Amino acid sequence: MTALELMPVHQFVQDGHLAEKGLSNYWGYNTIGFFAPHNAYAATGGRGAQVTEFKEMVKALHAAGIELILDVVYNHTAEGNDKGPVLAFKGIDNAAYYRLADEDRSRYYDTTGTGNSLLMRHPNVLQLIMDSLRYWVQEMHVDGFRFDLAATLARQFHEVDRLSAFFDVIQQDPVISRVKLIAEPWDLGEGGYQVGNFPPLWSEWNGRYRDAVRDYWRGAEGTLGEFASRITGSADLYENDRRRPLASVNFVTAHDGFTLRDLVSYDGKHNEANGEDCRDGEDDNRSWNCGAEGETDDPAVLALRARQQRNLLTTLILSQGIPMISHGDELGRTQGGNNNAYCQDNPTSWIDWDLDEEARALLDFTSGLIRLRRDHPVLRRRRFFSGRPVGHADRPPADVEWLRPDAAPMQEEDWSWPQAGALTMFLNGQAITEPDPYGNRVTDDSFLLMFNSSATAVDFRLPDDRFATRWTLLVDTATPDTPDERELKPGATLRLCPHSTMVLRSAESPHRCGTARQAAAGSNRRADIAHDRAPGTRRRGPSRGRLRALRPRRRPGGSRRTPPTPPCPAPASRGPSGRSGGRRCRARDRPAHRAGGRGRGAGGPGRRRPPRCAGPPRG
């Protein structure tokens, strides 16, 4: 875990209609003060102590290598509709701060569902937002923001416009343009669903990923192609405007909607406790209760639910892009089917830290998946797959290949078959296109991910030796406690249980330097959504980053310090071209920069140039 995203911490006020029901706003999407942490969150007093406590929290997170991202609500305020209270902006200048209806200027034009929307084309509103963002970066030292209902912020007039003034001021700001920017790319207005349409610099909550993964694992027909696009980074959404897989924040659940456990336990919402006769909350949940609605003691249903949770977590964590896990999903937290628990400041929303055996087992399973992702760069590529063969061997595999259960390549008709639910994805660890921070090639083990969302067991055949000569089973969501560590040969058959996933790793270890584990060692404290920088620091500009990456430090007197030479295995034998088949190793393991260029050799005047496998690589 490399980054923590907090729900709103800005000062907010309680809703009157909730207080009348004996409830309270638990989520905090009711902001009135954009420059202060909420006073009730302070443990030592709410008269300024919340600022000190917040800064101490940020410092502690950064010391642990964890970045902090704030969920910010700049699309509306706590003043509600035209009948709401006058707390601040209504009394200062109602027409300047709020979007008013064209046909009746006494009423608000609302695209947020809260009663009002801020007027994003007014310079005072833009100044308020930018001043607030700079305060939280420069004074409170946060590392980025997730913008609630960000499509509303792009409505300079009526339509969502990616060329709006809001994006312009963000792009040119020397402070805000250097932190992480994440959009919730929709609102409730006309044309508000804008997944894939935000400009460069922005990552997005990928709602299409959520929907595709939920549909696939609940057995919906015709979902195989969409599922494959989402788990490979959603290139169809982000590649055309030159963004990379880090633009996709992948998630299956979030604060609004079902928890992961409820997603596999309920077909419909159960929001009676909110006091709105179940009119609130989403109706299209794309959930499946696995055979019984809500709590049950049926062992077959419980086993299937546990397997489905493991399937969804495996898919999420091993997908290309940024995985986001909702708090408590790794423990099997339930809200009793409530998919809109915004007003439940009680055990419905709280986490029970007294973990039972089931919760501990799911936590251990999730931790293992995270370690697997951390240790293998092929599972977190920074560029999209090309689908082209890589290498000089006869018929080399591509960087990603899709196979049927019989190990034959997927054909067009296979993708379009409505009942298709079984699929193998091959990830080529020898075809990673992005270099390490020093320009060296990065290679890794190869992986097979086998998915079976159907209600019947399916036999999967391992592909031929072009892909690998030996495989080891790492993950089986059907039997998570008893992994099979036998080596498997090409052509071997594995039976996948109904609704299950298997993950296999190539067992051979080709000669390489500066590869998977070394790359992981230099990046396991770096946020997946980071622009290659250390936690708690600002992103460096391209020219500065390049100079830092190229120049060794100078000793007093002006001479350059020669970096230490690490041990390196003997290079492989020369191939037909006469060039050595060995790969260069990394000289040091230091944090990456966004624009780390290729370096010169380390030898200075009067020194012998070290071997190619020693010191920083040559250009």
Side-chain angles (χ1 to χ4, degrees), residues 7-36 38 40 71-122 124-126 128-129 132 146-160 164 166 183-194 255-257 271 274-283 339-345:
M7 292 174 68
V9 300
H10 290 170
Q11 184 69 47
F12 66 90
V13 298
Q14 292 294 335
D15 306 77
H17 73 280
L18 292 179
E20 294 172 357
K21 300 174 184 177
L23 301 172
S24 61
N25 190 319
Y26 183 59
W27 288 356
Y29 290 90
N30 208 29
T31 304
I32 196 62
F34 296 100
F35 294 86
H38 187 57
D71 190 339
V72 288
V73 186
Y74 294 117
N75 55 79
H76 72 277
T77 75
E79 293 187 296
N81 58 21
D82 54 288
K83 297 180 174 61
V86 178
L87 303 175
F89 307 105
K90 279 184 179 180
I92 296 173
D93 193 337
N94 185 59
Y97 281 99
Y98 292 110
R99 183 183 295 274
L100 305 179
D102 293 335
E103 63 277 7
D104 184 356
R105 302 286 290 175
S106 68
R107 304 179 70 85
Y108 289 134
Y109 179 82
D110 176 28
T111 60
T112 67
T114 64
N116 66 66
S117 300
L118 286 175
L119 185 60
M120 296 307 301
R121 65 175 177 269
H122 198 283
N124 287 354
V125 174
L126 292 172
L128 168 71
I129 294 174
S132 172
R146 178 265 192 189
F147 292 81
D148 179 64
L149 299 180
T152 292
L153 305 178
R155 293 182 184 272
Q156 187 164 331
F157 294 96
H158 292 286
E159 298 180 352
V160 178
S164 69
F166 172 72
E184 183 184 34
W186 51 76
D187 64 14
L188 302 185
E190 183 180 355
Y193 193 78
Q194 294 291 321
H255 61 282
D256 52 348
N271 297 357
N274 295 352
E276 300 182 38
D277 297 325
C278 270
R279 294 188 303 271
D280 63 310
E282 180 61 58
D283 293 317
N339 72 351
N340 189 35
Y342 78 103
C343 56
Q344 299 297 321
D345 187 1

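The chain is numbered in sequence order, starting from 1. Because the structure is a prediction, the values reported are computed rather than measured.
Considering CG of Asn116 and CG of Asn81, their distance stands at 8.0 Å, rounded to 0.5 Å. Considering CD1 of Ile32 and NE2 of His38, their distance stands at 12.5 Å, rounded to 0.5 Å. For the atom pair CD1 of Ile129 and CG of Leu153, the computed distance is 6.0 Å after rounding to the nearest 0.5 Å. Summarising the geometry, atom CG belonging to Asn75 is positioned 5.0 Å from atom OG1 belonging to Thr152; distances are rounded to the nearest 0.5 Å. In this structure, the separation between OH on Tyr26 and CE on Met7 is 8.0 Å, given to the nearest 0.5 Å. Of the inter-residue distances, the one linking Glu184 atom CD with Asp256 atom CG reads 6.5 Å to the nearest 0.5 angstrom.
A donor-acceptor contact shorter than 3.5 Å links the side chain of Asp110 to the backbone of Gly115. Although no hydrogens or angles enter the test, the distance criterion places no donor-acceptor pair under 3.5 Å between the side chain of His76 and the main chain of Gly113. For Asp277 (side chain) and Arg279 (main-chain N/O), no donor-acceptor pair under 3.5 Å exists by modelled atom type. The backbone N or O of Thr111 lies less than 3.5 Å from a partner atom in the side chain of Ser117, making a donor-acceptor pair. A donor-acceptor pair is defined here as one N or O able to donate and one able to accept, closer than 3.5 Å; such a pair exists between the side chain of Ser132 and the backbone of Phe34. No donor-acceptor pair closer than 3.5 Å links the side chain of Asn30 to the backbone N or O of Phe12.
Scanning all heavy atoms of the two residues, the minimum distance from Val13 to Ala78 falls at CG2-CB, 3.3 Å. Here the shortest heavy-atom pairing between Val73 and Pro8 reads CG2-CG, 3.8 Å. In terms of heavy atoms, Gln194 sits closest to Ala151 at CG-CB, 4.5 Å. Taking each heavy atom of Asn124 and Tyr97 in turn, the nearest pair found is CB-OH, 4.4 Å. What you find for Val86 and Gly91 is that their closest heavy atoms are CG1-N, 3.7 Å.
By the neighbour-count criterion of 12 heavy atoms within 6.0 Å, atom CD of Gln14 is densely surrounded, having more than that number from other residues, nucleotides or ligands. Atom CZ of Arg107 has 12 or fewer neighbouring heavy atoms from other residues, nucleotides or ligands inside a 6.0 Å radius.
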**Message:** Would Phe166 and Val125 count as a side-chain contact (heavy atoms from CB on, under 4.5 Å) here? Give the steps.
**Reply:** CA-CA 10 Å; Phe166 172 72; Val125 174; over 6 Å; no
**Message:** Apply side-chain contact (heavy atoms from CB on, under 4.5 Å) to residues Ser24 and Leu18 and explain how you reach the verdict.
**Reply:** CA-CA 6 Å; Ser24 61; Leu18 292 179; 5.9 Å; no
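Side-chain contact between Trp27 and Asn340 is present, with at least one heavy-atom pair separated by less than 4.5 Å. When side chains are defined from C-beta on, Tyr109 does not count as touching Leu119, because their heavy atoms never get closer than 4.5 Å.
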Output side-chain donor-acceptor pairs under 3.5 Å for residues 98-105, partner residues at least two apart or in another chain, one line each.
residue: Tyr98; atom: OH; partner: Thr77; partner atom: OG1; Å: 2.5
residue: Tyr98; atom: OH; partner: Glu79; partner atom: OE1; Å: 2.4
residue: Arg99; atom: NH1; partner: Phe157; partner atom: O; Å: 2.2
residue: Arg99; atom: NH2; partner: Arg155; partner atom: O; Å: 2.3
residue: Arg99; atom: NH2; partner: Phe157; partner atom: O; Å: 3.1
residue: Asp102; atom: OD2; partner: His158; partner atom: NE2; Å: 3.1
residue: Asp104; atom: OD1; partner: Ser106; partner atom: N; Å: 3.1
residue: Asp104; atom: OD1; partner: Ser106; partner atom: OG; Å: 2.6
residue: Asp104; atom: OD2; partner: Ser106; partner atom: OG; Å: 3.3

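Between the side chains of Asp280 and Asn274, at least one donor N or O lies within less than 3.5 Å of an accepting N or O.
In this pair, Tyr74 and Phe147 present their aromatic rings tilted. The plane angle is within the 30 to 60° band. Ring pair His255/Tyr29 is parallel by interplanar angle, where below 30° counts as parallel and above 60° as perpendicular.
Listed by chain and number, the residues in a side chain to side chain contact (heavy atoms under 4.5 Å, CB included) with Glu282 are Asp284, Asn285, Asn339 (sequence neighbours excluded).
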